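What follows is a short report on a single structure.
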Amino acid sequence: MDRKNDIIALQSTALDIGAAIGDVGDHGSGAIAVFLGTTRGEVNAQGRELVALDYEAYAEMAETQMRQMAEDARRRWPISRIVMLHRTGLVDVGQPSVLIAVSTPHRAEAFGACRFLIDDLKKQATIWKKEVWSDRSSTWAEGRGRQP
Amino acid sequence: MDRKNDIIALQSTALDIGAAIGDVGDHGSGAIAVFLGTTRGEVNAQGRELVALDYEAYAEMAETQMRQMAEDARRRWPISRIVMLHRTGLVDVGQPSVLIAVSTPHRAEAFGACRFLIDDLKKQATIWKKEVWSDRSSTWAEGRGRQP
Amino acid sequence: MKIRLRMFAVLRDRSGISQTEIELADGATVATAMEEVGRRFLGIVELLPRTAAAVNLCYAKPATILRDGDELALIPPVSGG
Amino acid sequence: MKIRLRMFAVLRDRSGISQTEIELADGATVATAMEEVGRRFLGIVELLPRTAAAVNLCYAKPATILRDGDELALIPPVSGG
């Protein structure tokens, strides 16, 4: 129940998934739910393949928001620890851009909190992705967030 | 959509979480949901601390069941890959005994399939846990499965 | 006919038997096999009402008819995960 | 009064400005600040109707009154995750 062990950050380096999940483990928890968002390969209208997503963030605000989301989740579920990591910069196809991991006593709570955190992050957090195509052209992804 | 890349196994060695999640990744998927069940520390009525769970399985049947569960999940969600691993033998407090990882195009499907698979595994799979206490006494956990 | 009997977890512990063969009359069902098991292994009789059965790796009903060479497994309530 | 203006993603790309200071009349709101931004950076005018604002790291309504030294950020629809 101690938020001082939470790890919430934007980072420009690759996500270390094993380490992040190790960090969320806790002797008092029996369940860990993890969500990873990865760059999905696609082809654009011009027939170019997506090679990467290039993430930009308003970092100070996004980290503040992510800490607030973690607080909100702790009010709704009995959470042991939370890890929320989001990449900035280039994330190649197949690589993870975001990791949410939550440990709780039981599994329903872990799934609920993890889903809540990724949904809220996608809706609110001040992060944007640009699609980088095989001809080196790039386009800002259509934003689907529902910020006020 | 190709089940030949699924990894479904019981194993007596520690789960390699990073490798398992690497195995479930796929260029066509944008979402990975993972569930880890870990041994939760507790104290019994005699004041002894739990030190480990000792898992026994009817392995041939459990693996057959897990493959069937993966088939069932593929009928309900557009799944890229599935990894289902369960430990046998001693799993110390804090360590994972089960890992379910599912990759799909979008996150709702990944959460739905992952939850379905862990729920079904816990209800049906022929696996049993014995609680090992700090005085080396041990007790079979109360089974909560709802097998026919 | 002969079937292979397997027992797990608390049933294995209390009976002291992990697997064995048992002889049954032709036409025996899962239910009659479990009665026979109860007569042989008195220590598990009280557990049998909460015990499920599997034949050749699939859960089976009490009325399922056994055949020579079948593998009958006695399954206490599962607790994996 | 002076506020710090920050722009991100497509707004930064089209305006060529990541951050700058702008001078506003005392009592200016988020809405009046955005009108001023539209006058200065014509390339982003068409995007402003779908642009949210944050003041000092919190989303803010158009009617929010700005104060000297505030950080006003213009936030295109987010697309993280």
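The shown structure was predicted, so the numbers you read here are calculated from the model rather than taken from an experiment. Chain identifiers are assigned alphabetically (A, B, ...) following the order of the sequence lines, protein sequences preceding nucleic acid strands; residue numbering begins at 1 within each chain.
- In summary, A:E60 and D:R6 engage in a salt bridge, as defined by a charged side-chain N under 4.0 Å from a carboxylate O.
- To the nearest 0.5 Å, atom OG of residue A:S97 and atom CG of residue A:L90 are 12.0 Å apart.
- Applying the side-chain contact (heavy atoms from CB on, under 4.5 Å) criterion to A:A101, with sequence neighbours excluded, gives A:V24, A:V34, A:V83, A:L99.
- How far OG of A:S103 is from CD of A:E109: 10.5 Å, rounded to the nearest 0.5 Å.
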Review point. Between A:W140 and A:E131, is a side chain to side chain contact (heavy atoms under 4.5 Å, CB included) present by the stated rule, with each step listed?
Key: CA-CA 6 Å; A:W140 287 102; A:E131 296 154 335; over 6 Å; no
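- Using a 4.0 Å cut-off between charged side-chain N and carboxylate O, A:D119 and A:R115 make a salt bridge.
- Between D:R39 and D:E36 a salt bridge is recorded (basic side-chain N to carboxylate O distance below 4.0 Å).
- Contacts from residues 11-18 of chain D to chain A, taken as heavy-atom pairs separated by less than 4.5 Å, involve D:R12, D:D13 in sequence order.
- Taking a cutoff of 4.0 Å between a charged side-chain nitrogen and a carboxylate oxygen, A:E49 and A:R136 do not qualify as a salt bridge.
- Listed by sequence position, D:L57, D:C58, D:Y59, D:E71, D:A73 are the residues of residues 55-74 of chain D in contact with chain A, using a 4.5 angstrom heavy-atom cutoff.
- Expressed to the nearest 0.5 Å, how far CD1 of A:I118 lies from NE2 of A:H86 amounts to 7.0 Å.
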Donor-acceptor contacts under 3.5 Å from residues 13-20 of chain A side chains, at least two apart:
{"from": "A:T13", "atom 1": "OG1", "to": "A:Q11", "atom 2": "NE2", "distance (Å)": "3.4"}
{"from": "A:D16", "atom 1": "OD1", "to": "A:G18", "atom 2": "N", "distance (Å)": "3.4"}
{"from": "A:D16", "atom 1": "OD1", "to": "A:A19", "atom 2": "N", "distance (Å)": "3.1"}

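- Of the residues considered (D:G81, D:S79, D:P76, D:G80), D:S79 shows the highest number of contacts with chain A, using heavy-atom pairs under 4.5 Å.
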